[in-house]
K.L.:
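Below is one structure. I have some questions about it.
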There are 2 protein chains.
Amino acid sequence: MTASRNEKDVTIGELNRSKILRAAEEEFASHGYKGARVQQIADRAGLPKTNVLYYFKSKESLYLAILENIMRLWNSRFDEATVHDDPARVLAQYITDKMEISRSHANSSKIFALEIINGAPNLNDFFKDQHSKWMAGRVAVINEWIKAGKLKETNPYYLLYNIWGTSQHYADFSTQITELQGSSMGQKDFENATKNLIHLILTGCDLTVPAEFR
Amino acid sequence: MTASRNEKDVTIGELNRSKILRAAEEEFASHGYKGARVQQIADRAGLPKTNVLYYFKSKESLYLAILENIMRLWNSRFDEATVHDDPARVLAQYITDKMEISRSHANSSKIFALEIINGAPNLNDFFKDQHSKWMAGRVAVINEWIKAGKLKETNPYYLLYNIWGTSQHYADFSTQITELQGSSMGQKDFENATKNLIHLILTGCDLTVPAEFR
DNA sequence: TAAAAACCTGACTAGTTGGTCAGGTTTGAT
DNA sequence: ATCAAACCTGACCAACTAGTCAGGTTTTTA
C-alpha cells in the first residue's frame with residue numbers, strides 16, 4: 001500500500017469500494033441476493049472478506065447500495081417529455097436510451113429484474129414514493145398526446161411495459177441470446193437491434209420513425 | 001392417512017409430489033435456486049423436510065424437475081408453422097399463447113427468467129440439443145415468409161426476442177405492474193394486453209391483425 | 001515525531017443448510 | 001394374518017454462512 005491517494009486523486013478506499021461494488025454486481029446477478037455469498041464477492045474483488053465488510057457493513061448494505069445506483073440509472077430524457085414534444089422523437093430516444101443501458105449495464109438490468117421477480121422486497125419505498133408518481137406523470141403525457149391527436153389511441157401502461165420488456169430483454173436474457181446466435185451481441189448488433197425495435201414500436205403505433213433514428 | 005388412493009384415483013405420493021412441486025415453484029421464484037431453502041419448501045408444502053427429500057432426492061433434483069416442466073410448457077402451435085401459413089395469424093396466435101402462459105404460469109416464467117439471468121447453468125443441454133435447432137427452424141420459416149413477400153423485411157431473431165420480451169414481461173414483472181396500476185391484472189386485463197400487443201407487433205410488421213384477434 | 005485516521009485481515013462464533021440415517025407407521029397385495 | 005411397498009419423520013452431521021472481534025499496518029495530520 002504505497003499511498004491511499006494515487007495520481008488520479010482517488011483514495012484506496014474509493015478504489016476498493018468501486019472494486020467491491022463491481023464484484024458484488026456480478027455475484028448478485030449470478031445468484032440473486034439470497035444466493036449470493038460475501039466470500040464469493042470478496043474472491044471476485046480480490047480482497048479478504050473482512051475487508052469487504054470493513055467498507056460495507058453487511059451483505060444487505062452492499063445490495064441496497066447497488067440497488068440505489070440502479071434506480072439512478074433509470075433516469076432518462078423521457079422523464080421530461082411533455083405534450084408539446086413529438087411522440088415519435090421522444091419514444092425513439094427513450095428506446096435508444098433504454099437499449100444503451102441494456103448494452104452497457106447488463107448486470108444492473110439483471111439485478112433489477114431479479115429484485116422484481118423475487119417480489120421486490122427492497123423496493124417498497126421506491127415504488128410508493130417515486131415510481132408510481134413517475135408513472136402517473138408519464139401516462140398523463142401519453143394520454144395528452146392521444147388527446148391532441150399526436151398518437152393513436154392505445155393503453156399507455158401497456159406501451160411502456162412493452163418498451164421495457166423488449167429493451168430489458170436484451171440484457172436480462174443475454175445468455176439465451178448468445179446461445180441462440182452463437183455469439184454475444186456487440187455494439188453493432190445493439191445498434192441494429194435498437195433500430196429494429198424503434199421501427200417495430202413506432203410503426204406499431206402508426207408513427208413515422210424520425211430520420212435520425214433510421 | 002386414510003388411504004394412499006383417494007376417490008379420484010390419485011395416490012398420496014402423487015398428491016404430495018404435486019404439493020411439493022407447487023411449493024418449490026413459489027420458493028424458487030422468490031429466492032432463486034441458490035437462495036431457496038428446502039426447509040422453506042417443506043414449510044410451504046406443509047410437510048416435514050425429510051418427507052420432501054423422500055420424494056425428491058435433493059434440492060437440485062427438485063429444481064431440475066421443475067425446469068423440465070417449464071421446458072415442456074414452451075411448446076406451442078408456433079412450433080409447427082410453415083411458409084404456407086399466414087404470418088399474421090401465426091404470430092397473433094403465438095402471442096396469444098405466450099400471453100396465456102404468462103397469465104396462468106407466472107411462476108414458471110419467473111423461474112425460467114431467473115435461470116437465464118443467472119447464466120443458465122442448468123440449461124446447457126437444452127440449448128445445444130433443442131433450443132438452437134428450434135430457433136434455426138423458426139428463423140428459417142420467418143425468412144421464407146420474407147422471401148415469399150408475406151412479411152416485410154426484418155431480423156427474425158429480434159422479432160422473436162421482442163415477442164418473448166413483451167409477453168414474458170407481464171409474468172416476470174408482475175410485481176412492478178401490480179404496484180404501478182394499483183391492482184393485479186385479471187383475465188380481462190390480460191385479454192386487453194394481448195390484443196394491444198398483437199396490434200403493436202403485427203402493425204409494427206406491416207401486417208393486418210386478423211379479425212379473430214381484434 | 002506522535003497521534004489519529006484509514007486500511008487490512010486471521011481467528012473465531014452462533015446459527016443455518018442440505019442432506020443422511022434409522023426406524024416407525026400405514027397401506028395394499030396375497 | 002403376514003409381508004412388501006409406500007409413506008413418514010426426528011435426530012444427527014459436516015460444511016457453510018454472515019458476520020464480530022481484536023489487533024496489526026499504513027497513511028495522513030498537526
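Convention: sequence-line order gives letters A, B, ...; per-chain numbering from 1. Atoms considered below: every heavy atom in the structure, side chains included; atoms not considered: hydrogens, waters and symmetry mates. The structure presented is a predicted model; accordingly, all values stated were derived computationally and were not measured.
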K.L.:
Of the residues in residues 18-29 of chain B, which ones touch DNA chain C at a heavy-atom distance under 4.0 Å?
P.N.:
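Hits under 4.0 Å, by residue number: none.
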K.L.:
Can you tell me how far P of C:dA6 sits from CD of A:E14, to the nearest Å?
P.N.:
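Taking CD of A:E14 and P of C:dA6, I get 12 Å after rounding.
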K.L.:
Can you list everything that forms a side-chain contact (heavy atoms from CB on, under 4.5 Å) with B:S61? Sequence neighbours excluded, please.
P.N.:
B:K57, B:S58
K.L.:
Determine which pairs satisfy salt bridge (Lys or Arg N to Asp or Glu O under 4.0 Å) with at least one residue from residues 37-47 of chain B, sequence neighbours left out, and list them in order.
P.N.:
B:E26-B:R44, B:E27-B:R44
K.L.:
Is it true that B:Q168 and A:H169 share a donor-acceptor pair across their side chains at a distance under 3.5 Å?
P.N.:
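The criterion, which ignores hydrogens and geometry beyond distance, is not satisfied for B:Q168 and A:H169.
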K.L.:
Within residues 32-57 of chain A, which residues have any heavy atom lying less than 4.0 Å from an atom of DNA chain C?
P.N.:
A:P48, A:T50, A:N51, A:Y54, A:Y55
K.L.:
State the CZ-CD distance between B:R89 and B:Q93, to the nearest 0.5 angstrom.
P.N.:
10.0 Å
K.L.:
Looking at residues at least two apart in the chain, or sitting in another chain, which of them share a side-chain contact (heavy atoms from CB on, under 4.5 Å) with A:A24?
P.N.:
A:F28, A:I41, A:L62, A:I66
K.L.:
Rounded to whole angstrom units, what separation is found between the CG atom of B:L62 and the P atom of C:dG18?
P.N.:
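In whole Å, C:dG18 P and B:L62 CG are 11 Å from each other.
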K.L.:
For A:S76, does its backbone N or O pair with a side-chain atom of A:K98 as donor and acceptor, under 3.5 Å?
P.N.:
no
K.L.:
State whether A:N16 places a side-chain N or O below 4.0 Å from either non-bridging phosphate oxygen (OP1 or OP2) of C:dC8.
P.N.:
yes
K.L.:
Please list, chain by chain and in numerical order, all residues satisfying salt bridge (Lys or Arg N to Asp or Glu O under 4.0 Å) with B:R103, sequence neighbours excluded.
P.N.:
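For B:R103 the salt bridge (Lys or Arg N to Asp or Glu O under 4.0 Å) partners, ignoring immediate neighbours, are B:E100.
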K.L.:
Between the side chain of A:S132 and the main-chain N/O of A:K128, is any donor-acceptor distance below 3.5 Å?
P.N.:
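Absent.
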